[in-house]
Number of protein chains: 2
Amino acid sequence: MPRKIIILTEGHTEPHAGKTAANVIRYRRPEVVALLDSTQQGRSSQELLGVVGDVPIVGKLDDAPQADTLLLGIAPPGGKIPASWRAIILDAISRRKMEVISGLHDFLCADPEFSAAAAKSGVKLTDIRKNSEKSIARRVGLRPDCLRVHTVGHDCSIGKMVVSVEVTNGLKKRGQDAKFIATGQTGIMIEGDGLPIDCIVADFVSGSAEKLVLENQHHDILLVEGQGSLVHPSYSGVTLSLLHGCAPQALILCYEIGRDRVTGVENVAIPPLAKIKNIFEVMANIHQRCEVIGIGVNSRRVNASEAARERERIRDEFCLPVCDVLRDGPDELVDAVIALKNRGGWQSP
Amino acid sequence: MPRKIIILTEGHTEPHAGKTAANVIRYRRPEVVALLDSTQQGRSSQELLGVVGDVPIVGKLDDAPQADTLLLGIAPPGGKIPASWRAIILDAISRRKMEVISGLHDFLCADPEFSAAAAKSGVKLTDIRKNSEKSIARRVGLRPDCLRVHTVGHDCSIGKMVVSVEVTNGLKKRGQDAKFIATGQTGIMIEGDGLPIDCIVADFVSGSAEKLVLENQHHDILLVEGQGSLVHPSYSGVTLSLLHGCAPQALILCYEIGRDRVTGVENVAIPPLAKIKNIFEVMANIHQRCEVIGIGVNSRRVNASEAARERERIRDEFCLPVCDVLRDGPDELVDAVIALKNRGGWQSP
């Protein structure tokens with residue numbers, strides 16, 4: 001029986017903080033019964049989160065009596081549970097006996113009050129980021145015939161996961177044996193497997209990424225979700241561990257129109273996209289060949305004609321396939337992946 | 001009252017695996033009463049570990065009756081406690097009531113047998129790597145007048161910590177207000193403070209490095225110990241988190257003569273030093289100016305004339321100060337740091 005999820009976004013029903021909510025709605029819509037945000041009650045989730053398929057926004061838990069699962073729908077920097085959410089979460093556990101799912105760094109099960117309430121109510125607390133990974137990357141046993149494509153970007157929270165999922169789905173529609181490899185909390189919620197790369201002990205991040213590849217390389221094509229950015233001073237090491245751990249042959253470079261300051265480090269400017277492409281290719285090519293084969297534009301902040309102009313500008317600058325997977329569909333990127341697959345990667349004539 | 005340390009290296013009394021033992025002897029010699037390795041009993045620690053100042057190698061704990069502290073003296077990849085060591089550690093805790101200090105990823109206090117024995121004996125277990133760091137790098141509040149020098153290298157375990165300590169000590173001898181910033185288990189044991197960067201949750205590694213800088217930037221010069229290498233597929237992300245977190249203005253590039261395969265990933269070759277220098281400068285210069293100002297050679301595997309030839313070769317290739325800090329002394333690197341300090345960094349005319 002599928003879960004009946006109410007997504008908690010209290011005070012944060014907007015596309016950036018609420019990206020977990022937006023993407024769970026985008027890819028698991030049938031399981032979502034409502035959004036809980038008393039500050040936005042009755043408004044349109046489509047308008048607030050920018051995601052197709054409207055979900056009722058309710059003001060309290062009991063406006064969704066059928067819900068059996070509370071999912072925390074935000075991904076703030078540092079991953080802390082907002083103080084104002086505690087009463088709602090405790091009420092869900094103690095009175096409604098709901099399962100609670102969280103992807104935050106602050107674990108529900110490490111919180112004395114939540115864990116005591118859950119034990120008393122016999123309720124399950126699921127911390128998506130909790131792990132005890134201790135794998136070390138060895139660069140041994142990677143299957144050369146498995147094409148590893150990795151989404152990277154100019155900043156965090158700009159749509160690398162969405163590009164990965166949409167390109168995977170596009171490849172499957174063309175009959176390819178492709179698999180989305182989730183590396184973040186939202187991706188894991190959507191796909192049902194993967195590893196929370198940014199919450200693994202530093203020495204074992206590359207090894208965990210390599211493990212995800214080794215466990216899934218019976219598929220012909222892997223789309224490995226990227227994290228952060230090599231130019232993000234707070235998270236660049238997560239990005240590089242993942243890049244070197246999954247050892248991709250191809251990158252899809254993602255960016256969002258209008259983003260010019262590093263998220264969370266606004267005193268630092270994001271470098272030009274050409275420089276970022278170069279930095280990723282330098283770091284991806286240390287021990288093997290890897291190239292950017294396409295560009296994913298997130299054009300949610302501009303209108304259709306501005307998006308079309310930007311797409312042409314980027315196509316001219318980089319001479320690569322370019323699309324906004326949500327606005328244009330992922331076909332150009334899907335074509336690029338299939339072309340590389342059919343060539344047998346970079347080694348073949 | 002200083003501790004009386006017996007260092008456990010059972011079966012691992014050699015420079016690579018035993019680098020923790022070697023460096024604790026090098027920098028905390030007065031506190032060390034013996035090495036425990038029944039397979040090397042009676043041999044010379046100087047010869048086996050390559051460190052000046054001989055320490056008796058004993059075959060059992062009771063050959064060092066005065067010892068009150070057992071220090072685990074190895075740093076293996078993955079940081080596991082060797083199975084054969086369990087009985088020795090338990091004996092130290094239960095019968096000898098010794099404090100046990102470990103820098104491994106396998107925590108003593110998370111081991112049910114060790115923690116039960118320690119609780120029963122009233123003995124302290126110290127896990128150097130254990131932490132709950134949750135800082136995020138913000139690139140705010142860095143003092144421009146504090147010169148941050150960071151040691152980086154072509155592989156792990158090649159002497160970045162030794163170069164950091166020796167250059168710091170050399171600067172202090174010249175009257176400079178310098179501080180060694182420890183970022184690894186051995187450095188923390190030697191300096192008495194610092195953070196175990198490689199054991200922090202991935203999202204918070206840069207932030208922890210930045211925190212170390214913010215807490216110590218009342219000093220004029222910081223020598224921040226590097227970890228791993230940007231070309232090490234298993235640990236490159238740790239290296240980059242640290243590089244971007246401490247935001248250095250200057251790098252000292254360290255390498256060991258004769259090292260040509262990546263440690264632990266021997267199927268992968270270490271790229272040429274010039275390529276590695278370029279990669280570090282690309283990644284260190286994304287948001288500010290930073291240059292390699294000198295090179296630290298570890299020449300322990302070759303004789304004096306070979307070391308001298310290599311030093312000249314590298315000086316010719318890079319036109320930079322070069323020395324083996326243990327063989328030649330750190331003066332050339334100390335001079336380079338003071339010269340940059342006196343210029344006021346890169347911004348001054």
Side-chain angles (χ1 to χ4, degrees), chain A residues 77-80 105-106 110 129 131-132 134-140 196-210 227-245 247 262 264-271 275-276 278-279 282-283 286-288, chain B residues 77-80 105-106 110 129 131-132 134-140 196-210 227-245 247 262 264-271 275-276 278-279 282-283 286-288:
Chain A
K80 293 208 165 300
H105 276 299
D106 276 359
R129 268 195 176 119
N131 72 89
S132 53
K134 288 208 173 175
S135 302
I136 293 176
R138 298 292 183 201
R139 288 269 172 135
V140 170
I197 285 297
D198 63 6
C199 194
I200 291 170
V201 164
D203 256 0
F204 306 115
V205 178
S206 286
S208 300
E210 187 179 276
Q227 294 293 333
S229 173
L230 288 180
V231 302
H232 195 305
S234 318
Y235 309 121
S236 56
V238 179
T239 309
L240 186 60
S241 297
L242 181 51
L243 179 72
H244 283 170
V262 173
V265 193
E266 280 74 16
N267 56 320
V268 173
I270 299 176
K275 182 174 174 183
I276 291 173
N278 178 253
I279 287 170
V282 166
M283 297 312 290
I286 294 174
H287 300 299
Q288 61 170 62
Chain B
K80 294 210 164 299
H105 275 299
D106 275 359
R129 267 194 175 120
N131 73 88
S132 53
K134 289 207 171 175
S135 301
I136 293 176
R138 298 291 184 202
R139 288 269 173 135
V140 171
I197 285 296
D198 63 6
C199 195
I200 290 170
V201 164
D203 256 0
F204 306 114
V205 179
S206 287
S208 301
E210 187 179 275
Q227 294 294 332
S229 173
L230 287 180
V231 303
H232 195 306
S234 318
Y235 309 121
S236 55
V238 179
T239 310
L240 186 60
S241 296
L242 180 52
L243 179 71
H244 282 171
V262 173
V265 193
E266 280 74 16
N267 56 321
V268 173
I270 298 176
K275 182 175 174 182
I276 291 173
N278 179 252
I279 287 170
V282 166
M283 297 312 290
I286 294 174
H287 299 299
Q288 60 169 64

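Predicted model, so just to flag it, every value in this text is computed and none were measured.
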Worksheet item: When only pairs under 4.5 Å are counted, which of Ile279(B), Leu243(B), Asp198(B), Asn278(B) shares the most heavy-atom pairs with chain A?
Response: Asp198(B)

Fill in: chain A interface, residue from Ser206(B), Ser135(B), Ala202(B) that has the most non-hydrogen pairs under 4.5 Å
Ala202(B)

Which bit of [X] is near chain B, if near means a heavy-atom gap under 4.5 Å: side chain, backbone, both or neither?
{"X": "Val205(A)", "answer": "side chain"}
{"X": "Leu230(A)", "answer": "both"}
{"X": "Val238(A)", "answer": "both"}
{"X": "Pro271(A)", "answer": "side chain"}
{"X": "Ala209(A)", "answer": "neither"}

Fill in: side-chain contact (heavy atoms from CB on, under 4.5 Å) against Asn131(B), all qualifying residues, sequence neighbours excluded
Glu133(B), Pro196(B), Cys199(B), Ile200(B)

Worksheet entry | Which atoms of Ala247(B) approach chain A - backbone, side chain, both or neither, heavy atom under 4.5 Å | neither

Item to complete: Heavy-atom distances under 4.5 Å only: say whether Val282(B) touches chain A with side chain, backbone, both or neither.
Response: side chain

For the pair [X] (side chain) and [Y] (backbone), establish whether a donor and an acceptor sit closer than 3.5 Å, ignoring hydrogens and angles.
{"X": "Glu210(A)", "Y": "Ser208(A)", "answer": "no"}
{"X": "Thr239(B)", "Y": "Gln227(B)", "answer": "yes"}
{"X": "Asn267(B)", "Y": "Arg139(A)", "answer": "yes"}

Practice prompt. Could you list the residues that satisfy ring-ring contact (aromatic ring centres under 6.0 Å, His included) with His105(B), not counting sequence neighbours?
Written response: Phe204(A)

